[in-house]
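Chain naming here is simple, since letters A, B, ... match the order of the sequence lines and numbering starts at 1 in each.
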There are 2 protein chains.
Amino acid sequence: MTDFSIWIIPSFILIIEREMLKYILLGFIWQKPSTGYELKHALDNTTGNFWHAYHSQVYTTLRKLEEEGLIQTFVENGNDHLTRRVCYITEKGKKALVEWLNDPMIEIPKMKEDLLVRVFFSGLRSIPEIEAELRLQKKLHEQQLALYRDARQSIGADKQIAETKTVKLKPNEHNGDMDPTLTRLLQHATFRFGIAYEEMYIHWLDDLIKELKSVESIV
Amino acid sequence: MTDFSIWIIPSFILIIEREMLKYILLGFIWQKPSTGYELKHALDNTTGNFWHAYHSQVYTTLRKLEEEGLIQTFVENGNDHLTRRVCYITEKGKKALVEWLNDPMIEIPKMKEDLLVRVFFSGLRSIPEIEAELRLQKKLHEQQLALYRDARQSIGADKQIAETKTVKLKPNEHNGDMDPTLTRLLQHATFRFGIAYEEMYIHWLDDLIKELKSVESIV
DNA sequence: TTGGCCATGTAAACAGTTACATGATTGC
DNA sequence: GCAATCATGTAACTGTTTACATGGCCAA
């Protein structure tokens, strides 16, 4: 009559690690020991385009990383007055990042597009109102596109220098630290994504604006 | 010597209303009084592609909408056994949705692209590993694209029938309820966005895979 | 009898945002 | 004297996700 139900072992399902910011910070710290402030700037200038975070979240996530032993931090005030807390990656931290990378994404994340929600229900609005919003969005996306193109140009200059060196990388093998040529290629690709995305967006907006204009003119 | 600092009125900044799910539900309920279960399905089949929500969030958001007086709900068990709580939009709810729509988005939301984060730090991985992940992603995005194309075809059929009717809509004027022709046009456009997005994504993946192959072959 | 669909919720944890809070240095 | 930049954090809140929890109908 003993109840064995307590002994039933739950099935282990592959849990997809999210916690993106954790791994972004680890990646940056691996490249170079940094302070929270520096990491926030690294974020703003690079990955911030596809993964934004506020400084408050950066600091709290760094505390979590330290608690988990993935980084170590030291207050350094070296030659100046300022108290800077510099973060260093630990061996455990390196291992965690590599493991996370080796566990590939097996699904596509759910898209969240605010404007599409508004468009979906804009049958309640007048066409000129909708058009005005779409034109404003077009302007904003054109600005973003210009930013990406500038960024690509500066990276592009680096890349050309890099290409003069020969690539030294065997398949299935890397030395633990990042391969600089491969890294440059991949980071360049993320900017290309940004450009392709904004171009697609602007194109879509143009088409929709045109479509609305033609409906409007019928009246 | 009185301290007047307490009287300083904070400057009022335009707060951009987010709370997307609230307005999505309001929009659907306006179109047709519905239960939480029905709303969850409407979401999954349409706006879920650009704004996902779990059923738990749907139910809690409905409670909030009711508390704010934007909807009214009634338990109905009509001809069957089931207890269904049907939600009806109130005049206040209609006003809230229209006001939200009339307050246009004045910035672009921050992109969140999980894969780009991984690509950005994949200099730590071997090229075949990266390639494998990108090919998997390509497959997943092709599946998503196929889903969008199917959805568009079914909508497209509706649209042709709709186009035989004449459009009756004056600029700056609408009757409170949604204009069916305009709504169809706009909802069709959201599917076109999905298709354009997936095509762009697949294209970008193809380019990156090719680039990696060429780097790999140098070794 | 098993699984799928209908139907509704609560609770806890986690991620992300906004606001609060402080203070030194540097250049105009 | 003022604004910008460097520099670090905490607190409260909102939004999202996961897990818990229940129960009836119907068809294979």
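- C:dG9 atom P lies 12 Å from atom CG of B:Leu39, rounded to whole Å.
- Counting to the nearest Å, the C1' atom of D:dG9 and the CD atom of A:Glu67 are 14 Å from each other.
- The two atoms that bring A:Gly123 and B:Thr183 nearest to each other are CA-OG1, 3.5 Å, heavy atoms only.
- Atom pair B:Asp44:CG and C:dA7:P shows a separation of 15 Å (rounding to whole Å applied).
- For A:Arg85 and D:dG9, the shortest distance from a side-chain N or O to OP1 or OP2 is below 4.0 Å.
- In this entry the distance linking NZ of B:Lys22 with P of D:dG15 reads 8 Å, nearest Å.
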Any protein N or O atoms within reach of nucleotides 11-18 of chain C? Criterion: under 3.5 Å, listing atom names and distances.
unit_1: C:dG16; atom_1: OP2; unit_2: A:Gln57; atom_2: NE2; d: 2.9
unit_1: C:dT18; atom_1: OP2; unit_2: A:Tyr54; atom_2: OH; d: 2.6
unit_1: C:dT18; atom_1: O4; unit_2: A:Ser56; atom_2: OG; d: 2.7

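- Overall, the helix from C:dT1-D:dA28 to C:dC28-D:dG1 carries an axis bend of 30° between its ends, with five pairs at each end and the value rounded to 10°.
- In this model, the phosphate group of C:dT8 is not approached by any side-chain N or O of B:Arg84 to a distance below 4.0 Å at OP1 or OP2.
- Rounded to whole Å, atom C1' of C:dT8 lies 11 Å from atom CG of B:Leu62.
- Contact detail for B:Leu101 and A:Arg118: the closest heavy-atom pair is O-NH2, 2.7 Å.
- Between the NE2 atom of A:His55 and the C1' atom of C:dC20 there is a distance of 10 Å, rounded to whole Å.
- Across every non-hydrogen atom of B:Phe121 and A:Phe28, the tightest pair is CE2-N, 3.8 Å.
- When all heavy atoms are compared, the tightest approach of B:Ile108 to A:Leu140 is CG2-CB, 3.9 Å.
- Other residues, nucleotides and ligands place more than 12 heavy atoms under 6.0 Å from the CD atom of A:Gln31.
- Atom-to-atom, CZ of A:Arg63 to C1' of D:dT10 comes out at 12 Å; the value is rounded to the nearest Å.
- A donor and an acceptor atom, one from each side chain of B:Arg85 and B:Thr73, are located under 3.5 Å apart.
- As rounded to whole Å, 9 Å separates atom C1' of C:dG4 from atom OH of B:Tyr37.
- Comparing C:dG9, D:dT8, C:dC6 by their closest approach to the side chain of B:His41 singles out C:dC6.
- The side-chain hydrogen bond (donor to acceptor under 3.5 Å, both in side chains) test applied to A:Tyr54 returns no partner, not counting sequence neighbours.
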Test side-chain contact (heavy atoms from CB on, under 4.5 Å) applied to B:Asp207 and A:Phe193, step by step: CA-CA 10 Å; B:Asp207 284 352; A:Phe193 185 96; over 6 Å; no
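- Between A:Arg149 and A:Glu199 there is a salt bridge, with a side-chain nitrogen of the basic residue lying less than 4.0 Å from a carboxylate oxygen of the acidic one.
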